[in-house]
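Report on the following structure.
Chain A is the first sequence line, chain B the second, and so forth, proteins listed ahead of strands; every chain is numbered from 1.
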Amino acid sequence: MAEQAKSTKSGVLRGGIGSPLANIWTIAKREFRAYFNGPMGYIVVTMFTLFVGLLFFFLFGTLVLRRATLQPLFTSMSALLPLLCAALSMRSFSEERQRGTIELLITLPVRDSDVVVGKFLGAMGVLFLTLLATITYPIALSRMGDLDSGPVIGGYIGILLGGGAYIAIGMVISSYMKDQISSFIVTSLLGYILYFMDKTLIFLPQSVSSVLEYLSTDFHFKSIARGVIDTRNLVYFGSVITGGLMIAARSLSSRRWS
Amino acid sequence: MERKVRARTESVAFVAIIIASLVLFNILSLKAFGRLDLTKRQIFTLSDGTRRIVRGLNDQLTITVYFTANQPPPANDDERFLHDQLDEYRNASGGRVRVVYVTPDTDDRRRQADAAGCVKAPLQSVDQRQEQATIQEVYRCVAFEYLGRRDKLEFLPPGVQGLEYEISSIIKNLALPEGERERTIGFLGGHGELTPEEGLQYMPQFIEQARLNYRTRTVNLNGGDNDVPTDIKGLIIMNPLQRISEREMRKLDAYLMRGGSVAIFGSGVNFPATDPGSATGTVSEHHLNDWLSEYGVSLQPNVILDLRATDAVVAFGRYRGRVRLVTWPEIASFSGTPSAQDMLTQGGMDPRFPVTFRLPGFISTYPSEIRIDESKRRATGGELNVFARTGPNSILRTDFNIDIRQILQQGPSQFQNAAQHGPYAVGVALQGPFRSAFAGRAETASNDAGAPAVVAANSNVPQRSTDRARLMVISSGNMFALDTLRTLIQLSQGQPPANLAMLSNTFDWMSQDTDLLAVRAKDTSDPQIRADVSDKAKQFFKWGSIALLPAAIGVLGLAVLSARRARIKDLAKEFGPKA
């Protein structure tokens with residue numbers, strides 16, 4: 001059985017259903033590699049680090065203000081995250097559809113949830129790698145001043161959770177969209193609606209504004225990025241990710257029936 | 001077709017169930033939650049002192065927050081911090097604290113805020129790209145109500161430094177019975193000191209206007225016959241001119257050892273005039289060094305002149321001229337929180353210390369150097385904090401005939417090129433527990449013209465203080481004198497001098513609980529990039545991050561993809577169709 005779950009060199013599953021973890025791992029590895037088989041992965045990471053650097057140094061003027069804090073870095077990342085995650089998630093199902101491999105995917109002897117979670121982890125791997133490229137910032141700044149590691153850890157956790165939420169939403173969109181560009185546009189749009197939701201509250205009555213504030217991804221991200229791990233924020237991000245993945249899996253299943 | 005419709009219906013139902021379950025889960029998580037504060041200084045966690053205060057509430061405390069939404073940055077970040085902090089108060093109180101948020105966005109709500117005594121004040125936001133500044137009038141107010149008693153923070157200045165201290169102090173005050181709310185601060189008299197009756201006549205008016213819950217009282221030790229009263233929360237010794245006898249010092253020390261707080265404002269040189277332009281000083285005769293030196297602290301017989309001072313128009317006989325007041329150094333505040341190294345090299349004041357908390361700076365009049373004897377300090381114990389230093393371009397002078405015109409005629413080079421220069425310590429504080437200055441020392445009979453030694457009478461004095469004991473020395477005696485304050489008001493064109501705020505901070509420092517003072521010292525500001533980091537290093541960090549890092553990733557990508565393409569070509573050559 002375990003042997004059956006082993007992947008071929010190209011990463012396509014062979015044989016029957018393996019253990020869910022093995023299947024997920026195989027799919028995740030395949031997805032992760034797929035990003036870097038073409039220029040896409042490199043372009044995304046390069047552009048992200050470039051824009052984060054520009055925002056950090058020019059918009060927030062960190063060195064001019066002499067502040068030994070990475071808060072502006074995480075604010076920049078958080079603002080660019082909907083775009084990055086839309087780029088990472090757009091290919092998950094839309095590309096399969098475009099290439100006509102979606103039928104092959106849904107007829108594979110693995111559960112739909114394994115496919116969805118595997119693809120999600122593959123995209124998360126790329127996000128993790130992108131964040132890893134920015135590790136030079138805390139290293140350099142900690143040599144220049146008494147950098148507090150709490151908000152740095154919190155910031156990275158927040159970006160990973162926020163990214164996870166956007167990717168999960170992107171996968172839902174991608175599972176319904178036929179082409180990648182539409183998927184990218186709709187995911188980024190939805191991502192920015194969630195991001196800006198807590199910034200337009202002045203125009204709304206107080207009862208509505210508190211609900212919208214809670215729905216905003218940036219509201220929860222900011223809380224974690226201060227260096228406070230709050231279960232409310234974890235539940236929020238966990239809910240968006242779980243909900244997104246479950247709906248994406250359902251969407252995949254419904255394809256099988258239709 | 002029917003199958004499709006059924007599948008769609010099932011999908012919709014599935015999505016609805018998932019969303020409903022997750023919403024329910026989120027609602028539950030709002031009721032029961034936990035937090036882990038990863039910050040080094042536990043910025044977002046209430047201190048033990050605050051927890052103790054809110055647990056001690058016997059009735060419902062209502063906190064109403066009037067906060068205008070969408071304030072200009074960076075002030076807008078404070079609302080979230082305040083919100084979270086008040087959540088912590090509510091959780092720690094076990095239901096005794098109720099928090100109400102009112103956004104004053106309608107006329108009704110604004111009237112409500114005004115009725116609560118809130119103040120609407122302008123905040124400036126700067127658009128750096130358009131080089132424009134806009135002003136927005138906002139509410140940033142917190143009102144408290146407990147058993148019919150009311151108090152408020154009428155306008156929170158931007159920044160959250162010390163917010164917990166301010167909130168906890170108000171709650172503590174409201175919870176105290178009426179009789180205990182007013183505390184007494186003593187002023188030592190009998191040696192020519194400044195007291196509320198002599199030189200500080202503005203004190204009752206100041207206390208009333210600043211709404212401080214303090215009374216003042218002059219304490220006379222009568223040559224050591226009287227003890228320092230135990231009902232006072234602290235004792236201030238301000239600019240003593242005559243000798244304080246050893247017997248009196250023993251009384252002061254005994255008060256300290258029993259957990260009292262003593263603040264000394266006195267110089268090593270006495271300048272009777274409060275004129276910054278010219279004065280003649282004499283070496284002080286208070287003999288406080290006999291006591292203080294046992295704690296490793298001594299007031300030196302010199303005067304500090306400092307280029308870091310305010311410019312002012314000073315009269316010289318018939319003429320008036322704008323000069324730098326080098327005789328009245330300005331102890332400046334840092335924009336952030338200075339490191340110990342910054343304090344040593346740049347001077348200035350420590351904003352974490354309760355007495356200099358939230359001060360824009362203060363003016364020390366004719367200060368003298370405070371020297372610290374490390375070996376004695378170590379032997380005594382306790383925690384010493386040098387919280388105020390003059391600037392790096394300050395020099396010492398032992399000629400006490402001061403004429404600022406003559407000094408300035410010699411030019412700034414005497415400060416900038418001095419072989420010996422500052423920063424010099426002008427403010428230190430010692431926090432217990434520490435050993436008594438008189439531990440194991442018999443009283444000398446010579447101190448009080450034939451008075452018998454009374455070692456036996458002092459035997460019940462603790463040889464070591466409790467941790468509540470606090471001793472502060474600022475080497476400027478006249479900085480709160482009425483005449484000095486008048487001059488400072490003139491110099492600042494009518495602005496209230498920061499020295500007065502320092503005086504109320506001193507009252508708080510002397511009377512407040514140790515754990516609550518620790519809350520005030522909790523630093524919530526961002527750490528600073530060290531001053532010794534070179535511009536070259538900063539530029540390397542900047543351009544390395546903006547250009548080198550993305551370029552390296554791009555080049556890596558190109559290399560990997562080219563290698564991959566070449567490999568595919570080779571494989572195609574090897575296994576592809578042969579021509």
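Put simply, CG on B:L38 and CD1 on A:I224 are 10.0 Å apart, with the number rounded to the nearest 0.5 Å. For the atom pair OG1 of A:T242 and CG of B:L22, the computed distance is 6.5 Å after rounding to the nearest 0.5 Å. The CD1 atom of B:I546 lies 9.5 Å from the CG atom of A:L55; values are rounded to the nearest 0.5 Å. Atom CG of residue A:N233 and atom CZ of residue B:F33 lie 10.5 Å apart, to the nearest 0.5 angstrom. Rounding to the nearest 0.5 angstrom, the gap separating the CD1 atom in B:I529 from the CG atom in A:L141 is 5.5 Å. For the atom pair A:L50 CG and B:S545 OG, the distance stands at 11.0 Å (nearest 0.5 Å).
Both the backbone and the side chain of A:Y236 come within contact range of chain B, with heavy atoms under 4.5 Å apart. Using a 4.5 Å cut-off between heavy atoms, A:I43 makes no contact with chain B at all. In this structure, the portion of A:R143 lying under 4.5 Å from any heavy atom of chain B is its backbone and not its side chain. For a residue to count as touching a neighbouring chain, one of its non-hydrogen atoms must lie under 4.5 Å from one of that chain's; by this rule A:F56 touches chain B with the side chain only. Heavy atoms of A:Y137 lying under 4.5 Å from chain B belong to its backbone as well as its side chain.
A:T231 contributes a side-chain N or O that, together with a main-chain N or O of B:G34, makes up a donor-acceptor pair within less than 3.5 Å. Using modelled atom types, one side-chain atom of A:D148 and one backbone atom of B:K40 make a donor-acceptor pair closer than 3.5 Å.
Each of B:T106, B:D37, B:T68, B:L30 has some count of heavy-atom pairs under 4.5 Å with chain A, and the biggest count is that of B:L30. The candidate from B:T39, B:I19, B:V533 with the greatest count of non-hydrogen atom pairs under 4.5 Å with chain A is B:T39. The candidate with the highest count of non-hydrogen atom pairs below 4.5 Å against chain A, out of B:L549, B:L556, B:L558, is B:L549. For chain B, the option among A:S223, A:S239, A:G238 with the highest count of heavy-atom pairs below 4.5 Å is A:S239.
In plain terms, the two heavy atoms of B:L561 and A:P39 that are nearest each other are CD1-CA, 3.6 Å.
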